[in-house]
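Below you'll find the structure, written out as structure tokens, and then a few comments.
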Amino acid sequence: MPDNFKAIYVSKTDAGQAVEIKQLTDADFPASADDNVTVAVEYSTVNYKDGLALTGKSPIIRSYPMAPGIDLAGTVTASADPKFKPGDKVLVNGYGLGENHWGGYAQRARLPGKFLVPLPKAFSAAQAMAIGTGGYTAMLCVLALEKQGVRPDQGEILVTGAAGGVGSVAIALLAKLGFRIVASTGRLDEAGYLKDLGATEVMDRAGLSGPAKALGKERWAGVVDAVGSTTLANAIAQTKYEGAVAACGLAQGADLPVSVMPFILRGVKLIGVDSVMAPMAARLEAWTRLARDLDPAKLALIGGRTIPLAAVPRAAQDILDGKIRGRVVVDVNA
Ligand code: NDP
């Protein structure tokens, strides 16, 4: 293996952050006794959080210099962890990658073995990154609804931020499981795409973005929300008796101007979903279910675009501007 590898390298300057593509060597890795596995990275991806990190819009990066990228998939090349050996295919989501630990926008990564998920046989490294944190979080949301007893015969599921990464994968998964899905989007021109993924109805997100009443007409058996703010408040106010809402995102805002009425009069359950520090058992359950329930043809629709490392900074801005449909795969060797 050559000593050099290419990475996106973010350093802190007086003006903010400087982002460049740099040739690095193993000596550049931050020293950490926990990093006992080396991975030849093949693919990464662009999540909303990567957008926030690379643009510096939110303080996602906690230590500098940083090779960002919250996801990676590749092949183990060296391991002092007995659970992994050279040649093993692996993926990593979150665990602080791209925040306080070097991440996936690099041709090489050094990581603690406890971060690694064996790549499910159903997926190539590129497919795993077409799913990435966005798709794995969508699966966690669907599992959260299932654990609250939400079933297809109870009524419609609302998916917000539908044309984005979390929303697209959630629709494909819920359709496979037999749910009727209402996709809320600001991009009505993507209605064909959303229906191809399995949405039964597409609604304009403007219908959910105004101030929420304490209680609305009961409509949703369950909700997957990637948006937060008044959209989440409206979704909660319209959730049926004993329905459940899985909240994972803040694309509209981090506030939640909601009444307690849906909780105390309808027993609505609001379930928070975190992917970053989710325990390994939850990750393995999610990836096993993704392998079972995510239709490869729909995954190809969602993650059909692959970009090189050099195009990541532009894609980071695009995702914050709501211009990315589904998910984008990053070929770190291109
Ligand atoms: P994307 O940008 O791919 O999707 C977000 C979607 O939200 C957009 O495509 C858009 O959908 C919608 N949206 C954007 N701005 C607004 C707005 N102002 N009002 C209403 N809707 C809006 O991001 P991801 O799918 O990667 O992530 C979605 C959210 O989930 C992010 O906030 C992210 O931080 C969070 N997240 C949280 C995780 C966790 O562990 N809890 C893990 C992964 C993601 P459309 O065009 O269809 O309207």
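When a ligand or atom number is given, it counts from 1 through the structure's own listing order. Along the sequence shown, residues carry numbers from 1. Note that the structure is predicted; figures quoted are calculated from it, not measured.
The protein non-hydrogen atom at the shortest distance from atom 15 (N) of ligand 1 is A251 O, 3.5 Å. Considering only non-hydrogen protein atoms, atom 45 (P) of ligand 1 sits nearest to T185 OG1, 3.3 Å. At the shortest separation from atom 33 (C) of ligand 1 among protein heavy atoms lies Y48 CB, 3.7 Å. Of the protein's heavy atoms, R205 NH1, 3.7 Å lies nearest to atom 10 (C) of ligand 1. Taking atom 37 (C) of ligand 1 as the reference point, the nearest protein heavy-atom neighbour is C248 O, 2.9 Å. When only non-hydrogen protein atoms are considered, atom 44 (C) of ligand 1 lies nearest to V166 CG2, 4.0 Å. The protein heavy-atom contact nearest to atom 42 (C) of ligand 1 is T137 OG1, 3.1 Å. Nearest to atom 4 (O) of ligand 1 among the protein's heavy atoms is G164 CA, 3.3 Å.
Near G249, meaning under 4.0 Å from one of its heavy atoms, ligand 1 places the atoms 29 (C), 30 (O), 32 (O), 35 (C). Residue A163 approaches ligand 1 through these ligand atoms, each under 4.0 Å from one of its heavy atoms: 47 (O). Residue T133 has at least one heavy-atom neighbour below 4.0 Å for each of these atoms of ligand 1: 42 (C), 43 (C). Close approach of ligand 1 to S275 is summarised as follows: ligand atoms under 4.0 Å from at least one heavy atom of the residue are 39 (C), 40 (O), 42 (C). Atoms of ligand 1 lying under 4.0 Å from at least one heavy atom of G165, given by number and element, are 1 (P), 3 (O), 4 (O), 25 (O). Atoms of ligand 1 lying under 4.0 Å from any heavy atom of A162, numbered from 1 in the order shown and given with element: 47 (O). Here is the list of ligand 1 atoms found below 4.0 Å of a heavy atom in G161: 6 (C), 7 (O), 11 (O), 12 (C), 47 (O).
Of the candidates E190, K49, M277, Q252, the one placing a heavy atom closest to atom 17 (C) of ligand 1 is Q252.
Residue V273 places at least one N or O, backbone or side chain, under 3.5 Å from an N or O of ligand 1. Of the N or O atoms in G322, none lie within a sub-3.5 Å distance of an N or O in ligand 1. Of the N or O atoms in G186, one or more lie within a sub-3.5 Å distance of an N or O in ligand 1.
In this structure, R187 counts as a contact residue of ligand 1, since one of its heavy atoms falls inside 4.0 Å of the ligand. Taking a 4.0 Å cut-off on heavy atoms, T231 fails to register as neighbouring ligand 1.
Contact of the R289 side chain with the L177 side chain is registered, since non-hydrogen atoms from C-beta on lie closer than 4.5 Å.
Between F5 and F29, the distance from one ring center to the other falls under 6.0 angstrom.
The pair E242-K269 fails the salt-bridge criterion, with no side-chain N (NZ, NE, NH1 or NH2) lying under 4.0 Å from an Asp/Glu carboxylate O. Checked for salt-bridge contact, R110 and D26 meet the test: a charged N lies under 4.0 Å from a carboxylate O. Remark: K147 engages E285 in a salt bridge, criterion side-chain N to carboxylate O under 4.0 Å. Using a 4.0 Å cut-off between charged nitrogen and carboxylate oxygen, R151 and D153 count as a salt-bridge pair.
A cation-pi arrangement is absent between R283 and Y136, since the terminal nitrogen or guanidinium carbon is not both under 6.0 Å from the aromatic centre and inside a 45° cone about the axis.
The side chain of V227, and not its backbone, has at least one atom closer than 4.0 Å to an atom of ligand 1 (non-hydrogen atoms only; side chain from C-beta on). Residue-level proximity to ligand 1 for T160 is absent, since no heavy atom of it falls below 4.0 angstrom.
Applying the side chain to side chain contact (heavy atoms under 4.5 Å, CB included) test between V273 and each of T137, V166, D225 identifies T137 as the sole match. Exactly one of V19, I60, L54, D50 qualifies for a side chain to side chain contact (heavy atoms under 4.5 Å, CB included) with P68. That residue is L54.
Note on ring orientation: taking the six-membered ring where Trp is involved, the planes of F115 and Y95 are parallel (angle under 30°, cut-offs 30° and 60°).
Within a 6.0 Å sphere centred on CE of M203, heavy atoms belonging to other residues, nucleotides or ligands number more than 12.
The backbone N or O of A53 sits less than 3.5 Å from a side-chain atom of Q17, completing a donor-acceptor pair.
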>> Test side chain to side chain contact (heavy atoms under 4.5 Å, CB included) on R205 and S184; report intermediate values, then the result.
In response: CA-CA 5 Å; R205 76 185 191 198; S184 166; 3.4 Å; yes
>> side chain to side chain contact (heavy atoms under 4.5 Å, CB included) for N47 and D71? Distances and angles first, verdict last.
In response: CA-CA 9 Å; N47 295 279; D71 285 322; 2.8 Å; yes
